[in-house]
Amino acid sequence: MVPSNPRQLLKLDDDDRAALLARMSKPEMDELHWHWEIWARQQQLPPAGDWRLWLILAGRGFGKTRAGAEWVRRVARRKPNARIALVSASLAEARAVMIEGESGIIATSPPHRLPHYEPSLRRLTWPNGAQATLYSAGEPESLRGPQHSHAWCDEIAKWDAAGERAERSWDNLMMGLRLGDQPAALATTTPRAVPLLAKLIAAEAGGDVVVTRGTTYDNSANLPPRFIRQMRRTYAKSALGRQELDGELIEDIEGALWTRAMIEAARESAASSAPERTVIGVDPPASAHGDACGIVVCALGEDGVARVLADASVTKPSPEKWARAVARAALAWQADRVVAEANQGGAMVESVLRAAEINPQSSSSSAGKHPAW
């Protein structure tokens, strides 16, 4: 028969394990396939102790989604009265990743314990009565009122931080996490320096949060070797690789005028005021072989607030390439002026831009204001 704690199989020596497996019937052997405790890495299993929040902070491909789906299945199997919140950046992502994804709840569930999914109600119901409901972190008020015993929050660093929306969603969820005798939540995410994640990590020191950290490479046994080689070759030791693969929280550069937390808190899903004036800012490379040309589109709104609308920067550009990129941005955003760094030679910058300028009269898509260089 299947051991009450299947993970005990891993502690047996080869002969004892083989003998036990030989005594099992085919249904029992089939059942082993669905025992996550046997196949999981220790990092993917719930930590010991009476915790309220478990945070998995790890690189892409670590197995965070599988760990989240399996934790939800475990809760639903053991607690028929469980009421579980499944929260993602949007309802579409909750369905595509948490429910229907390759490592989601349906794919990891055995056919005889498959939950019934009702998309119109955003609800999963298990045969024993446990239920889970989908929520979007972009709609904080949807989490005001409902009560839950458990919650799985996916990619919390992706939640919309504009207007403190992510934090309001989290706070509403936590205030409703009050059913049962041991309410608990799991948050899975790749790190980004956003206010909500910073708050949760800070709570680790006080014992309120248990944090599991990991990298993409921890799961290399389940990832294509070619992918691992490519990631190491392309992103090793880069800031992007440290964050997305090594699962490292990249803090702000000392002395930065604008911290990442400030930027995230000021984000808008769309400009909330019509532009009164739009300007293209250009930081040209110092030479023809420079790494990049910084190009940003900024606007002053009618409400007096300046906004960055787009980043049109180009990498490894020739003078003609970056100048044309500037011209395209100016025409696309109907800018009335281009401002360039004068320390690279203001006259040179102006001449390059004029040489690459697209004549507004020759293109129907460029009708309107003609930007001044």
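Worth knowing before you read on, the calculation uses all heavy atoms, side chains too, and leaves out hydrogens, waters and symmetry mates.
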Would you check if the side chain of [X] reaches a backbone N or O of [Y] as a donor-acceptor pair within less than 3.5 Å?
{"X": "Q243", "Y": "R192", "value": "no"}
{"X": "N128", "Y": "A130", "value": "yes"}
{"X": "T189", "Y": "A157", "value": "yes"}

Atom pair [atom1] ([X]) and [atom2] ([Y]), whose distance is rounded to the nearest 0.5 Å:
{"X": "H112", "Y": "L114", "atom1": "NE2", "atom2": "CG", "result": "10.5 Å"}
{"X": "R229", "Y": "R233", "atom1": "CZ", "atom2": "CZ", "result": "7.5 Å"}
{"X": "H116", "Y": "R123", "atom1": "NE2", "atom2": "CZ", "result": "8.0 Å"}
{"X": "L124", "Y": "I84", "atom1": "CG", "atom2": "CD1", "result": "8.5 Å"}

With a 4.5 Å heavy-atom cut-off, do [X] and [Y] have their side chains touching?
{"X": "K199", "Y": "L196", "value": "yes"}
{"X": "V97", "Y": "T65", "value": "yes"}
{"X": "V209", "Y": "I201", "value": "no"}
{"X": "L200", "Y": "L53", "value": "yes"}

Qualifying ring pair (Phe, Tyr, Trp, His ring centres under 6.0 Å) pairs with a residue from residues 135-167, counting only residues at least two apart or across chains: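 Every pair satisfying ring pair (Phe, Tyr, Trp, His ring centres under 6.0 Å) with a residue in residues 135-167: W71-H150, Y135-H148.
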
No-hydrogen, no-angle side-chain donor-acceptor test under 3.5 Å, R307 and S273: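 Note: R307 and S273 side chains miss the donor-acceptor criterion.
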
Cation over ring face, R232 and Y217, 6.0 Å, 45°: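 Pair R232/Y217 counts as cation-pi.
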
Cation-pi geometry met for R95 and Y117 (6.0 Å, 45°): no

Pair D246 + R213: basic N to acidic O under 4.0 Å: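 The answer is no: the pair does not qualify as a salt bridge.
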
Salt bridge E139-R165, side-chain N to carboxylate O under 4.0 Å: no

E164 CD: over 12 foreign heavy atoms closer than 6.0 Å: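 No, because the 6.0 Å sphere around CD of E164 holds 12 heavy atoms or fewer from other groups.
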
